[in-house]
Amino acid sequence: QVQLVESGGGLVQPGGSLRLSCAASGGIFSINAMGWYRQAPGKQRELVAGISSGATTTYADSVRGRFTISRDNAKRTVYLDMNSLKPEDTAVYYCNLDLRLLGSYSATNYWGQGTQVTVSS
């Protein structure tokens, strides 16, 4: 059974930094795209950053230049380095993986459990 375990959220002051991690385990053959989304109270979930299997990255305009997404395929982990954090970055952050299970010929999408990031003085 696939598990996605997120870590690294917390409370940080404006201008500070955090690193989020999302580790996948359990019956995985391969991982295609990996991404981070966020959802603030009263708002829709939005894509923050994504990274393809070939390491091509994409970012929301609001975070470009401040956030960096990366992946470690050997560890089946995706990271989000967040710098120069702003109060408007406050949200629950979710990882999202498009992966292929052992014995399967198609990809399936999985979500992490979410981790709270709060930017406040």
Chemist: Test I69 against every option in I51, T58, D81 by the side chain to side chain contact (heavy atoms under 4.5 Å, CB included) rule and name the one that passes.
Modeler: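 Running side chain to side chain contact (heavy atoms under 4.5 Å, CB included) over I51, T58, D81 with I69 returns exactly one hit, I51.
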
Chemist: Given R38, which partner from the list E6, E46, E88 fulfils the salt bridge (charged side-chain N to carboxylate O under 4.0 Å, His left out) test?
Modeler: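 Considering E6, E46, E88, a salt bridge (charged side-chain N to carboxylate O under 4.0 Å, His left out) with R38 is found only for E46.
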
Chemist: Any sub-3.5 Å donor-acceptor pair from R100's side-chain atoms to F29's backbone N or O?
Modeler: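 Not confirmed, R100 side chain does not pair with F29 backbone.
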
Chemist: Of all the heavy-atom pairs spanning P14 and S121, show the shortest one and how long it is.
Modeler: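 That closest heavy-atom pairing would be CD-N, 3.7 Å.
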
Chemist: Checking N83 against S17: is there a side-chain donor and acceptor pair closer than 3.5 Å?
Modeler: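 A pair is found: one side chain offers a donor N or O, the other an acceptor, under 3.5 Å apart.
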
Chemist: Under 4.0 Å between a Lys/Arg side-chain N and an Asp/Glu carboxylate O for D89 and K86?
Modeler: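 No, this pair does not count.
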
Chemist: Between atom OG1 of T108 and atom CD1 of I28, what is the distance when rounded to the nearest 0.5 Å?
Modeler: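 Output value for this atom pair is 10.5 Å.
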
Chemist: Quick check for you: to the nearest 0.5 Å, what is the distance between S52 atom OG and I31 atom CD1?
Modeler: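 CD1 of I31 is found 13.0 Å from OG of S52.
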
Chemist: Would a distance-only check, ignoring hydrogens and angles, find a side-chain to backbone donor-acceptor pair under 3.5 Å from T90 to V119?
Modeler: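 The answer is yes, because a donor-acceptor pair under 3.5 Å joins these two groups.
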
Chemist: On the 0 to 90° scale, with breaks at 30° and 60°, tag the Y94-W111 ring pair as parallel, tilted or perpendicular.
Modeler: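 Judged by the thresholds at 30° and 60°, the geometry between Y94 and W111 is perpendicular.
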
Chemist: Ignoring hydrogens, what is the shortest heavy-atom contact between C22 and L4? Give both atom names and the distance.
Modeler: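 Looking at all heavy atoms of both residues, the closest pair is SG-CB, 4.1 Å.
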
Chemist: Closest approach of L97 and A24, non-hydrogen atoms and distance?
Modeler: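 The answer is CD2-CB, 3.6 Å.
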
Chemist: Kindly compute the distance separating CG (N96) from CG (N109), expressed to the nearest 0.5 Å.
Modeler: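 The CG atom of N96 sits 4.0 Å away from the CG atom of N109.
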
Chemist: For residues Y79 and Y110: do they belong to one hydrophobic cluster (side chain heavy atoms under 4.5 Å, members Ile, Leu, Val, Met, Phe, Trp, Tyr)?
Modeler: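 No, separate clusters.
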
Chemist: Nearest 0.5 Å, please: how far is OH in Y59 from CG in L80?
Modeler: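 Going from the CG atom of L80 to the OH atom of Y59 covers 8.0 Å.
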
Chemist: Working to the nearest 0.5 Å, report the span between CE of M34 and CG of L99.
Modeler: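 Atom-to-atom, M34:CE and L99:CG are 8.5 Å apart.
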
